[in-house]
Amino acid sequence: MDAMEFFQLSAGKWRSQRVTHHLAFKRSETGESDIEVETLAADHPEIIELCQYHQIDPSLSIGGSRVRWLGTMAWDREGEDNHQGKTIFAIVPDADNPRQGKLLRERGYAEIVPVVGLFHMDDEDGLVLTTEYETMSSIERFWFGGPNIRLRSSTVKRFGGFSTASFCTETRIESSLEVSNTQEVTSKQQFYSVLGW
């Protein structure tokens, strides 16, 4: 499997349940999100625009995804806006190895800025993303536990020593074929780890 195949398998609507450990404060927080992933072809205008923004030849990209999310976290204040947004990913594999290369983002994970990270597919077909920002770095790993279960772990290291670690379980609500034909009728539920985190 290469990265584009991984994104294609991710297309559809997902419910994500997450626990984030704030390591410096020895506290954890639960949250949930509804996520929609749409596959974009290499010649899609948004993929071309993102490549041009990062000064990378668009012909080197094999495509990517548009991701939208709407979420909540346990520590949100009443009346505070939900965590929502969208981003575009463009995959630019290495010429000699389609299982690794650059991942261009319109919006980063740890900082809300356009960024170029590195990706590779590991021996178990997990997608690993490594991103260096100005004040921090992040490592994310995505993998499938089954056709409708995707798992994600991430760590963020700040240069001042503070860091977080997160684990997400993502359950497919609708496949990419159903997204265009079905209205979303799911409701949010609070997630608690069996370990009490």
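Computed over heavy atoms, backbone and side chain alike; hydrogens, waters and symmetry mates excluded. Along the sequence shown, residues carry numbers from 1.
Counting only heavy atoms from C-beta outward, the side chains of Thr87 and Arg66 never approach each other to under 4.5 Å. Residues His21 and Ser166 are not in side-chain contact: their nearest non-hydrogen atoms beyond the backbone lie 4.5 Å or more apart. Under the 4.5 Å side-chain criterion, counting only non-hydrogen atoms from C-beta, Val128 is not in contact with Phe119. In this structure the side chain of Lys13 never reaches within 4.5 angstrom of the side chain of Asp34, judged on heavy atoms. Contact annotation: the side chain of Ile56 approaches that of Lys102 to within less than 4.5 Å [non-hydrogen atoms, C-beta and beyond]. Two residues are said to be in side-chain contact when any heavy atoms from C-beta on lie closer than 4.5 Å; Leu127 and Phe7 meet this criterion. You'll find the side chain of His22 reaches within 4.5 Å of the side chain of Glu29, heavy atoms only.
Ile48 and Asp43 make their closest contact through CD1-O, 3.6 Å (heavy atoms, listed as atom of the first residue, atom of the second, distance). Of all heavy-atom pairs between Leu40 and Met4, the closest is O-CE, 3.7 Å. Closest non-hydrogen pair, Glu132 versus Ser137, comes out as OE1-CB, 3.3 Å.
Residue Glu36 holds its CD atom at 5.5 Å from CZ of Arg68, rounded to the nearest 0.5 Å. The OG1 atom of Thr130 sits 5.0 Å away from the CD1 atom of Ile139 when rounded to the nearest 0.5 Å.
Shown here is Glu49, whose CD atom has no more than 12 heavy atoms of other residues, nucleotides or ligands within 6.0 Å.
When hydrophobic clusters are built by joining Ile, Leu, Val, Met, Phe, Trp and Tyr residues whose side-chain heavy atoms come closer than 4.5 Å, directly or via intermediates, Phe89 is grouped together with Leu9.
Arg150 forms no cation-pi arrangement with Trp143, by the criterion of a distance under 6.0 Å to the ring centre and an angle within 45° of the ring axis.
Side chain of Asp94 to backbone of Asp96: no donor-acceptor contact under 3.5 angstrom is found. For the pair Ser61 (side chain) and Gly63 (backbone), a donor-acceptor distance under 3.5 Å is present.
Arg99 and Asp123 are not joined by a salt bridge, as no carboxylate oxygen comes within less than 4.0 angstrom of a charged side-chain nitrogen. The residues Glu170 and Arg152 are annotated as salt-bridged, a charged nitrogen and a carboxylate oxygen being separated by less than 4.0 angstrom. For the pair Glu140 and Arg105, the salt-bridge criterion is met [side-chain N within less than 4.0 Å of a carboxylate O].
Between Phe144 and Phe6, the two ring planes are tilted [angle within 30° to 60°].
Judged by distance alone, the side chains of Arg18 and Ser33 never bring a donor and an acceptor atom under 3.5 Å apart.
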